[in-house]
Amino acid sequence: MESENKQFKRYLVTTALPYANGPVHIGHLAGVYIPADTYVRYLRMKGEEVLFVGGSDEHGVPITIKAEKEGCTPQDIVDRYHGIIKKSFEELGISYDIYSRTSSAMHHETAAEFFKKLHADGKFIEKESEQYFDPERQKFLSDRYIVGTCPKCGAEGAYGDQCEKCGSSLSPDELINPHSQLSGAALVKKPTKHWYLPLDQYEPWLREWILEGHKEWKTNVYGQVKSWIDSGLQPRAVTRDLDWGVPVPVEGADGKVLYVWFDAPIGYISNTKELCEKTGDNWERWWKDQDTKMVHFIGKDNIVFHCIIFPCMLKAYGDGYILPENVPANEFLNLENDKISTSRNWAIWLHEYLEEFPGKQDVLRYVLTANAPETKDNNFTWKDYQDRNNNELLAIFGNFVNRILVLTHKFYEGAVPAVANLTEADQAVIDEMNGYPKKIGTLIENYKFREALQELMNLGRLGNKYLTDNEPWKQIKTDPERVKTVMAVSLQIVAKLAILSEPFLPFSAHKLQAMIGMEGMKWADAENTILLPEGKMLNKPELLFEKIEDSVVEAQLKKLEEIKKANELNAWKPAAVKQTVSFDDYMKVDVRVGTILECCKVPKADKLLQFLIDDGMKKRTIVSGIAKYYTELEKLVGKQVCFVANFEPRKLKGVVSEGMILSAEDKDGRLVLLTPSDLVAPGCSVG
RNA sequence: GGCGGGAUAGCUCAGUAGGUUAGAGCGUCGGAUUCAUAACCCGGAGGUCAUGAGUUCAAUUCUCAUUCCCGCUACCA
């Protein structure tokens, strides 16, 4: 099963489908799209047959929510973001053979067919469960459409999966007074049928295929897959009650669509078909031929889907579908020491970058490759961006090219001189430079893009050193014959750079190739010593990179600073006042003061503290989710707190809690216990 | 809390199937140079390899515990 030695006839390369509810940012690029594009460009230059497939993931609940919020249709949302994403990828030079979308007709057809066959072959199990139903709209609601009062912070408008006020994750059953976000109607529970893929049945096969057969996968990927398999796989629902997506194509499935994780990876197949239909190619040779090598480029949050679930789907389908040979998942990129976040607008958006930094695609590609999160989360800073541009890309690569071309025009009016009478040192340099194509290529084939780029720069360093060692600007006065050889050798290095930089820096590579009159070179060509023959006329040199000034970086930092400020201002206004309640209703709640007698952490729970409270009559146990904010527990003993005395007891992590301790939630989410300003008798009521 | 990944020079990262002085790039300091976008080239300084134990003749590398960061997942009457 080891693929190390196997020779493949063609490569199918996929990139995680970006979710079309927002634009693409530098985290996506560094983790997925730039490494994938570098890989693909390299393979093409090697003369391999490659298909590079991408597309937008356009189904799922968040898109429908966003549409609801903005008062438009889901299709409007995905049209907008698909447009932005596709265009920005093109401008960055991500060289897809096809970038399509899961709302396409071809995808709907393909995904439906895929489901139908699995269904017909009995690969699913069917289960019925009780779900919330909106009687007015006559449909089942997904978690996100169910709103109610947050059981934790009491905020109105908490969603069935999460309260945005306090950030706690919820299940619809926990919500107080659940009702429909669509109609406002109170919800009822009704049984609904769904189809499940029994992943557990594929466990022995997964073990064999990955744990035995793919020990070469990256540690983060292998480790996570192993832990999933070892802890026992569960059947996973492949359908949902929703009206946005691919309708479930069997009888009795009205109002149901394919679950987005089931539908999205099939998009790789649909998009392949869409392309092949246009070009007259046979799509099956890409997906059903053991001589095709499939590689999925993804981020670490996607490992399970691409290593376990999608392979199980393909395996269940059978019919010769191939499996990925590798899934080089990357870690995450931070921005200025803070997690990138779409909702907090903490990101550098690709489409904005392209607008603000015209012609600087390669700078971004360079920086994100040089600092790619290949083994651990990395940090992007604008200072680093500037340094890498000014001190590496420009100073080593751009500068070397420029010095050579300027000298060639100065000494020889732009005509390449001949290599003659090589010294030992010349030969050593030639040998070294001829080794780079292989060195860099091997690194790329092993997904070590950062190191590969480093080696490319080392070729530039080799050139700079050779030049300094031989000082042609001095020798031209004393030994012009010798200078011809030095310049000729240097020019071959420039030519090599023009070829080998193409996977990483396609725009600059093409610019350089045009300057020295080289076109359509293959990777293997770079192994030849003489790429620019004697007498060849070079075009006028232009600068490949320009210096990035402090002011540019400062402007970007200021922009981020403002986002941070705006976030602080927006995030914390007091919550809207809740619905009016009657005095009688209020009096039903019995709030009292109690004295803390004991306090300890609840085992195996991060957030829970267990209190023993003197309520004036007895000792009662109350569990409260404030462990994060109170670490010195001994200091709490003796303090008085307010608590709800007449809640039904409830079991939390095995401990029965008899009430709820009241605390205030500060704007940063911190919980602060409420304590009477003077000592009072335990058990006295608060009102 | 469970599982996975990570913690190495001022910064961003490599690395060690355990073995004399732990690497690279950038930054910094010094030198040399002027063909080149004040870029290049040479040299120096800079690390108790997160913390604490254990195994070993020997641990940054293996084992265990702890702390912190990231992802998945559980708990917040």
Side-chain angles (χ1 to χ4, degrees), chain A residues 150-154 163 166-170 174 176 218-228 230-231 299-304 329 331-332 334 339 367 370-381 383-384 387-388 390-392 394-396 398-408 410-411 448 450-451 453-454 457-458 460-461 463-469 471-474 476 483 487 490 541 543-547 601-609 622-628 643-644 646-663 671:
Chain A
C150 173
K152 187 204 166 196
C153 67
C163 171
C166 64
S168 43
S169 50
L170 306 170
E174 291 177 273
I176 299 160
K218 289 174 70 167
T219 42
N220 58 344
V221 177
Y222 189 88
Q224 190 167 340
V225 169
K226 184 171 183 331
S227 97
W228 264 67
D230 286 347
S231 58
K300 67 173 164 183
D301 54 339
N302 249 320
I303 291 173
V304 178
E331 302 283 310
F332 281 1
N334 291 325
K339 229 193 286 192
V367 173
N371 193 20
E374 287 178 6
T375 51
K376 64 176 181 192
D377 290 0
N378 278 0
N379 191 29
F380 177 97
T381 64
K383 178 79 174 73
D384 184 61
D387 284 346
R388 288 196 187 271
N390 293 356
N391 304 331
E392 296 179 26
L394 184 153
I396 294 164
N399 182 44
F400 172 66
V401 169
N402 190 237
R403 354 176 25 186
I404 297 300
L405 297 187
V406 167
L407 284 176
T408 305
K410 202 174 202 172
F411 295 163
K448 297 190 174 178
R450 205 167 47 191
E451 208 180 329
L453 185 60
Q454 181 82 16
M457 296 308 282
N458 283 341
R461 289 189 176 94
N464 276 316
K465 182 164 163 47
Y466 179 69
L467 207 58
T468 304
D469 286 348
E471 301 180 300
W473 49 90
K474 258 188 199 168
I476 191 75
V483 170
M487 288 305 298
S490 299
L543 296 180
L544 288 176
F545 308 103
E546 55 188 28
K547 197 163 174 172
K601 279 209 67 178
V602 176
K604 302 193 177 189
D606 266 0
K607 301 182 182 172
L608 302 183
L609 287 183
I622 300 182
V623 176
S624 183
I626 56 172
K628 224 167 113 188
F643 66 96
V644 179
N646 61 340
F647 262 153
E648 309 176 5
R650 160 133 180 197
K651 214 176 205 182
L652 288 168
K653 281 278 166 187
V655 181
V656 177
S657 178
E658 309 162 285
M660 178 171 82
I661 292 181
L662 301 184
S663 48
L671 296 173

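Please read all numbers here as calculations on a predicted model, not as lab measurements. Just so it is clear: chains get the letters A, B, ... in the order the sequence lines come, proteins before strands, and each one is counted from 1.
A/Val225 comes within 4.0 angstrom of nothing in the nucleic acid, heavy atoms only. Note on A/Glu374: nothing from the nucleic acid sits closer than 4.0 angstrom, heavy atoms only. Among the heavy atoms of the strands, none lies under 4.0 Å from A/Lys226. Contacts of A/Lys465 with the nucleic acid, taken as non-hydrogen atoms under 4.0 Å apart, involve only primed sugar atoms and P, OP1 or OP2. Using a 4.0 Å heavy-atom distance criterion, A/Gln454 is classed as a sugar-phosphate-only contact. Within the nucleic acid shown, A/Asn334 has no heavy atom closer than 4.0 Å to any nucleic acid atom.
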Both distances under 3.5 Å, Watson-Crick or G-U wobble: on that basis, could you give the dot-bracket string for RNA chain B, with [ ] for crossing pairs and | for other-strand partners?
(((((((..((((.....[...)))).((((.........)))).....(((((..]....))))))))))))....

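For A/Lys410, the side chain to side chain donor-acceptor pair (under 3.5 Å) test picks out no residue, with sequence neighbours left out.
Side-chain atoms of A/Asn458 and A/Arg461 include a donor-acceptor pair closer than 3.5 Å.
Along RNA chain B, the nucleotide nearest to A/Gln224 and the one nearest to A/Arg461 differ in position, and the one closer to the 5' end is contacted by A/Gln224.
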Please determine whether side chain to side chain contact (heavy atoms under 4.5 Å, CB included) holds for the pair A/Asn402 and A/Leu544, giving the CA-CA distance in whole Å, both sets of side-chain angles, and the decisive distance to 0.1 Å.
CA-CA 8 Å; A/Asn402 190 237; A/Leu544 288 176; over 6 Å; no

In the 5'-to-3' direction, what one-character label does each nucleotide of nucleotides 28-39 of chain B receive under the scheme B = base within less than 4.0 Å of a protein heavy atom, S = sugar-phosphate only, - = no such atom?
------SBBB-S

